[in-house]
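Contents: one structure, followed by commentary.
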Amino acid sequence: MKNVLGLRCVECSKEVSPEAGTYTCPSCGSKGGIMDVVYDYQEINRLTTRKQVTNSRDYSMFRYLSFLPIYPESARPHLRVGWSPLYKPQGLGKSLGMSNLYIKDDGQNPTSSLKDRASIIAVIKAVEEKAPTVACSSTGNAASSLAGNAAAMGLKSVIFVPSRAPQGKIAQLMIFGATVISVQGSYEDTFRLSAEAIEHFGWYNRNAAINPYLVEGKKTVALEIAEQLNWDVPDWVILSVGDGCTIAGVWKGFRDLYLAGWIDRLPKIAGVQSTGCSPLVDAFLEDRPWRPKEENTIADSIAVGVPRNPDKALNAVRESGGTMVAVTDEAILEAMRQLGRTSGIFGEPAGVTGTAGLKALVEKGVIGADEKVVSIVTGNGLKDVLNAIKAVGEPLKVEPSLQELLMKMEVVE
Ligand SMILES: *Cc1c(COP(=O)(O)O)cnc(C)c1O
Ligand SMILES: [Zn+2]
C-alpha cells in the first residue's frame, strides 16, 4: 500500500504503521483510540489522475483504488459495489420546492445498502490477513452486507443481530449462508456480545467503528458524488446517522479529494436521526458530550442508543460547518411515500431519513431552495416491507367481479 502512510489515532494523534490486526490505538487501549487512515496524497496523484478516473470503465467503487487502503493485487469479490446512480428527480425537487436536488440511491448495491462499500473492504482485508472467518454485530444491513460479500469471497461469516432486526435482512443473512446469532436484547447488548466473541474466537472484526479500513470503503460514496457532479462539489450532503461511521466516511471522502487537489471546496454535511433515538443530534444541538438514549424508532438501521463512532461523526458535521436535525417516525414514513410517489425510489426507513431531515431543514430555512443538495438514500425499501406497508397502507381488495371493481374504484376516485 504505497499510498498509505499509516494509521492516526483520532483521540491522541499517535501514528502507527498499518500492520495486520492493528485496528485501535495501542496508546489509548480498547476504550477509545479509533484510528484514521493517513494517505500520501502525492503518491495518490502519481498513481492516478482525475482524468484517468473520469475515463475509467470500472463502474464500481474500485475506480478509486488509489484512494483505498488495499493492495492493488489483493483478491476482490466479483460483486459490483458502488457506482450507484445519482439522480436529479424533478418530481421530488418540485414537491420539496428545491431546484437543485440530487438523490444518491445506494439501495442499489449488491445487498441493497451502502454498507456494501465497507463490507467489501472487510472481506478483502480478511483475506489479506488470512482470516477464514469474518464477524460483526449489526442492526441489520452491515450484517447482510458482510454475509453477502463473505459468500462472494468464499469466507465464513458469523453475524450478531438484535432480535428486532426486520425479516428481509434476516432472510438475506440466511440466504448468504451466515451463522446468525439473534441476540435477545438491544443493539448495545448485541455489540458487546459480538466484541467478546470476536476476541475469544479470533475472527476478523468487521465492526465499523473499530476497524479503520471500513470508513475508507464508505468514503467512496463521496468520491462518486463529486465525480458524478463533474467534480463540482454540492453545497450540502445530507444523510441518516446511527453509529456515525457513514457520515464520517462521507466527510473523509471529500477531505481526501480536497487534500489531493481534485476538488476546490468542501460541502456542508448534515446528519439526521429519528427523535426516537437521537443521541448525536441532541449532543450537537445542545453542544455537549453525547449521552446514551433509548432505541425507539421504526428506522432500525439507525436505532443506535450508544453510537460507536460519535467523535468522528460530530467532527464531520462541525468541521464542515454543517448541522444535525431529528425527525419523527411519522416524517420518515412521509418521506418514504414522497420518494416513492414522486420519483420511483424506494428506501427503507433509515434510508429515507436523510430526505425527511432535508425537508425539515428547508422548512426552517437552514438549507436554501436553490442550493445544490445531495440526499443519500442508504438502504432499499424491500428490506423492511412491514414498515413500507405502514407508510402506504393495504391495497384495494376486490372479488373477481367487474361490477365490484367498478364500485370500489368509484370510492377510490
Ligand atoms: C448503517 C446505516 C445507516 C447509518 O450508518 P452509521 O454508520 O451507523 O451511522 C444509515 N442507513 C442505513 C440504511 C444503514 O444501514
Ligand atoms: Zn490514541
Side-chain angles (χ1 to χ4, degrees), residues 20 23 58-62 65 68-71 73-84 106-162 165-183 190-191 193-195 197-198 201-208 210-211 213-218 220-221 245-246 249 300-301 348 351 378-385:
Y23 305 140
D58 181 347
Y59 299 112
S60 80
M61 61 186 254
F62 294 104
L65 194 57
L68 290 172
I70 56 175
Y71 295 95
E73 63 278 12
S74 292
R76 304 206 297 251
H78 50 257
L79 295 174
R80 191 274 305 154
V81 175
W83 203 245
S84 62
D106 246 52
Q108 295 203 31
N109 277 301
T111 76
S112 306
S113 84
L114 187 147
K115 295 286 194 298
D116 283 338
R117 297 179 186 273
S119 295
I120 198 166
I121 299 287
V123 300
I124 292 168
K125 286 307 227 192
V127 169
E128 280 181 6
E129 298 186 14
K130 303 195 169 44
T133 304
V134 292
C136 76
S137 73
S138 160
T139 53
N141 283 334
S144 51
S145 163
L146 182 64
N149 280 278
M153 198 70 162
L155 292 169
K156 290 206 171 77
S157 59
V158 181
I159 310 288
F160 296 77
V161 287
Q167 285 289 302
K169 298 178 188 181
I170 302 288
Q172 285 185 299
L173 289 174
M174 305 307 290
I175 283 286
F176 296 139
T179 301
V180 184
I181 320 283
S182 171
V183 180
T190 308
F191 187 91
L193 178 61
S194 79
I198 286 167
F201 290 101
W203 297 321
Y204 188 84
N205 190 345
R206 186 250 180 260
N207 283 326
I210 291 185
N211 188 320
Y213 301 113
L214 302 191
V215 166
E216 298 301 311
K218 290 187 167 187
T220 56
V221 73
C245 305
T246 311
D300 67 289
S301 306
E348 67 167 274
T378 47
N380 187 284
L382 283 174
K383 284 173 170 280
D384 184 359
V385 176

Rounded to the nearest 0.5 Å, the NZ atom of K169 sits from the OG atom of S112 at a distance of 10.5 Å
Rounded to the nearest 0.5 Å, the OG atom of S182 sits from the CG atom of L173 at a distance of 10.0 Å
**Message:** Tell me if the CD atom of E129 is crowded by more than 12 foreign heavy atoms within 6.0 Å.
**Reply:** yes
| Any donor-acceptor pair under 3.5 Å from K156 side chain to T179 backbone | no
For K125 and Y204, the nearest pair of non-hydrogen atoms, with its separation, is CB-OH, 2.9 Å
Worksheet item: Checking side-chain contact (heavy atoms from CB on, under 4.5 Å) for the pair F176/I159: CA distance, chi angles, key distance, verdict?
Response: CA-CA 11 Å; F176 296 139; I159 310 288; over 6 Å; no
Closest non-hydrogen atoms of L155 and P132, given as atom of the first, atom of the second and distance, are CD2-O, 3.6 Å
d(N380 CG, N109 CG) to nearest 0.5 Å is 10.5 Å
Taking Y213's backbone N and O only, do any of them form a donor-acceptor pair with N211's side chain (distance below 3.5 Å, no angle check)? yes
Heavy atoms of V134 and A126 approach each other most closely as CG1-CB, 3.5 Å
Here the gap from C136 atom SG to N205 atom CG, rounded to the nearest 0.5 Å, amounts to 8.5 Å
Here the pair of heavy atoms bringing S74 nearest to I124 is CB-CG2, 3.9 Å
Requested in this report: Tell me, with the steps shown, if K218 and D106 meet side-chain contact (heavy atoms from CB on, under 4.5 Å).
Outcome: CA-CA 11 Å; K218 290 187 167 187; D106 246 52; over 6 Å; no
d(I210 CD1, I198 CD1) to nearest 0.5 Å is 7.5 Å
Rounded to the nearest 0.5 Å, the CG atom of L114 sits from the CD atom of Q108 at a distance of 13.0 Å
Close side-chain approach of P77 to V123, heavy-atom, < 4.5 Å
yes
Does the side-chain contact (heavy atoms from CB on, under 4.5 Å) test come out yes or no for L214 and R206, once each step is laid out?
CA-CA 8 Å; L214 302 191; R206 186 250 180 260; 3.8 Å; yes
Looking only at heavy atoms, the pair that brings G217 and T220 closest together is O-OG1, 2.7 Å
(request) Using modelled atom types only, decide if a donor and an acceptor are shared between the side chain of E128 and the backbone of Y71 within a distance under 3.5 Å. (result) yes
Any chance you could lay out the side-chain contact (heavy atoms from CB on, under 4.5 Å) test for V158 and F201, step after step, and finish with the verdict?
CA-CA 11 Å; V158 181; F201 290 101; over 6 Å; no
Exercise: do N207 and Y23 side chains pair donor with acceptor under 3.5 Å
no
| said: Which label fits W203 and F160: parallel for a plane angle under 30°, tilted from 30 to 60°, or perpendicular past 60°? | reply: tilted
Quick one: side chains of residues 141-153, donor-acceptor pairs under 3.5 Å with protein atoms, not counting sequence neighbours, listed by atom name and distance.
residue	atom	partner	partner atom	Å
N141	OD1	K383	NZ	2.8
N141	ND2	S301	OG	3.3
N141	ND2	E348	OE2	2.8
S144	OG	G140	O	3.3
S144	OG	N141	O	3.4
S144	OG	Q172	OE1	3.1
S144	OG	K383	NZ	3.4
S145	OG	K115	O	3.3
S145	OG	D116	N	3.2
S145	OG	D116	OD1	2.8
S145	OG	S119	OG	2.6
N149	ND2	D116	OD1	3.3
N149	ND2	S145	O	2.9

